[in-house]
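Below you'll find the structure, written out as structure tokens, and then a few comments.
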Amino acid sequence: MKKNILLLPVICFISLTCAQKKVEDATKLTEDQKASYYIGLNIAENMKQQGFAVDVDLLAQAMKEEIAGGKTLLPKEEMQSFMQSFGQKQQEKTMGAAKLKAEDNKKAGAAFMLKNKSNASVKTTASGLQYEVLKAGAGAKPKATDVVTVIYKGTLLDGTVFDSSEKQGGKPLDIPLNSVIRGWTEGVQLMSKGAKYKFYVPSDMGYGDQGGGAVIPPGATLIFEIKLVDFKDPAQ
């Protein structure tokens with residue numbers, strides 16, 4: 001979920017993290033002080049994610065002035081219009097950086113897929129999805145409208161595991177096949193019960209230029225190992 005920088009002034013004004021000296025002993029903090037500290041962490045995390053170079057001294061000054069109820073360095077009447085303009089600029093900056101990153105990742109992914117295609121054990125579908133049969137199954141194959149029970153692991157090209165059934169509790173998961181990325185929807189329909197496949201999913205069949213939150217970069221090519229445990233028609 002994207003966080004809106006326009007909310008930061010509101011969060012800042014209710015925070016009490018402007019203490020004069022650094023607190024070292026967390027065991028002596030009151031409930032209000034703990035809340036103040038965690039709000040401070042939230043603000044910092046938010047700004048880091050947006051790539052905003054916060055001036056901590058000015059942030060603290062503004063919070064003190066607002067809490068004290070006195071005169072503020074900048075007029076509060078101009079805050080809303082300024083933050084709207086600033087927020088738009090930050091969004092454009094973030095989108096521009098994400099676009100460049102997506103282009104780089106798609107180039108790297110295309111080079112990987114081209115090389116991977118020459119592997120004799122790798123098959124490529126008309127859509128560009130690539131897969132390897134690690135273990136063959138037997139019998140019928142699921143439809144796009146079925147609910148599949150799977151054990152899986154998803155990795156980036158550098159080997160980073162971004163998701164797995166192990167991370168989701170360690171048990172096979174029931175997943176509606178028409179509610180996931182296109183690479184899954186198409187790929188799992190190739191499998192029979194008991195099969196285990198390795199899928200290579202280009203970004204346009206995965207999470208695209210937007211990426212998937214903080215764990216899947218924009219334009220990323222993804223690799224999944226999937227074991228099809230079972231499947232069923234949800235209407236039955």
Side-chain angles (χ1 to χ4, degrees), residues 1-8 11 41-54 83-117 122 124-132 144 148 150-170 173-190 197-227:
M1 180 181 293
K2 294 182 179 179
K3 297 178 181 178
N4 191 339
I5 196 169
L6 300 180
L7 298 178
L8 291 179
I11 299 174
L41 289 180
N42 182 265
I43 293 171
E45 181 183 27
N46 192 322
M47 290 180 170
K48 283 169 63 178
Q49 289 178 350
Q50 297 181 59
F52 172 53
V54 61
M83 291 306 295
Q84 286 178 342
S85 174
F86 180 77
Q88 179 64 32
K89 291 177 182 178
Q90 286 294 107
Q91 185 178 28
E92 291 172 356
K93 180 180 177 181
T94 300
M95 290 176 64
K99 183 178 180 181
L100 290 175
K101 190 172 184 180
E103 290 174 354
D104 288 342
N105 286 335
K106 285 191 289 187
K107 288 179 182 178
F112 171 86
M113 297 290 276
L114 181 61
K115 182 178 180 181
N116 197 51
K117 191 175 183 179
V122 173
T124 304
T125 70
S127 66
L129 178 69
Q130 295 181 356
Y131 68 95
E132 289 182 74
V148 295
V150 294
I151 298 172
Y152 71 94
K153 179 176 70 173
T155 62
L156 304 178
L157 292 183
D158 64 5
T160 300
V161 178
F162 60 83
D163 192 17
S164 67
S165 48
E166 185 68 27
K167 287 187 175 184
Q168 301 296 332
L173 294 179
D174 292 337
I175 300 175
L177 199 51
N178 59 5
S179 70
V180 288
I181 59 173
R182 285 201 302 127
W184 265 64
T185 303
E186 177 182 334
V188 176
Q189 290 184 80
L190 301 173
Y197 282 23
K198 189 171 187 178
F199 294 100
Y200 304 90
V201 182
S203 64
D204 62 342
M205 299 188 73
Y207 291 87
D209 290 354
Q210 298 297 327
V215 295
I216 301 176
T221 295
L222 307 176
I223 301 174
F224 288 96
E225 289 187 10
I226 303 175
K227 179 179 180 180

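The basis for the numbers below is simple: all heavy atoms, side chains too, and nothing from hydrogens, waters or symmetry mates.
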Are the side chains of [X] and [Y] in touch, meaning some heavy atoms are under 4.5 Å apart?
| X | Y | result |
| --- | --- | --- |
| Val150 | Ile175 | yes |
| Phe224 | Ile181 | yes |
| Val161 | Lys167 | yes |
| Tyr197 | Val188 | no |
| Lys101 | Asp104 | no |
| Gln168 | Asp163 | yes |
| Leu222 | Leu156 | yes |

Just checking Lys99: does its NZ atom have more than 12 heavy atoms from other residues, nucleotides or ligands closer to it than 6.0 angstrom?
no
Which residue pairs pass the salt bridge (charged side-chain N to carboxylate O under 4.0 Å, His left out) test with at least one member in residues 84-96, sequence neighbours excluded?
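Listed by first then second residue: nothing to list.
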For the residue pair [X] and [Y], what are the closest heavy atoms and their distance?
| X | Y | result |
| --- | --- | --- |
| Thr185 | Asn178 | OG1-CA, 4.4 Å |
| Ala98 | Pro218 | O-CG, 3.8 Å |
| Asn105 | Pro217 | ND2-CB, 3.6 Å |
| Ala144 | Gln189 | N-OE1, 3.3 Å |
| Thr125 | Ser127 | OG1-OG, 2.9 Å |

Could you measure the distance from the [atom1] atom of [X] to the [atom2] atom of [Y]? Nearest 0.5 Å is fine.
| X | Y | atom1 | atom2 | answer |
| --- | --- | --- | --- | --- |
| Trp184 | Ile226 | CH2 | CD1 | 4.0 Å |
| Ile151 | Glu225 | CD1 | CD | 12.0 Å |
| Lys153 | Lys227 | NZ | NZ | 14.5 Å |
| Lys48 | Ile43 | NZ | CD1 | 13.5 Å |

Pairs satisfying side chain to side chain donor-acceptor pair (under 3.5 Å), at least one member in residues 199-209, at least two apart:
Lys106-Asp209, Glu132-Tyr200
What class does the angle between the rings of Phe199 and Tyr131 fall in, given that below 30° is parallel, 30 to 60° is tilted and above 60° is perpendicular?
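Because their plane-to-plane angle lies in the 30° to 60° range, the rings of Phe199 and Tyr131 count as tilted.
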Extract all donor-acceptor atom pairs below 3.5 Å that involve side chains of residues 108-117 and protein atoms in other chains or at least two apart in sequence.
| from | atom 1 | to | atom 2 | distance (Å) |
| --- | --- | --- | --- | --- |
| Asn116 | ND2 | Gln130 | OE1 | 2.8 |

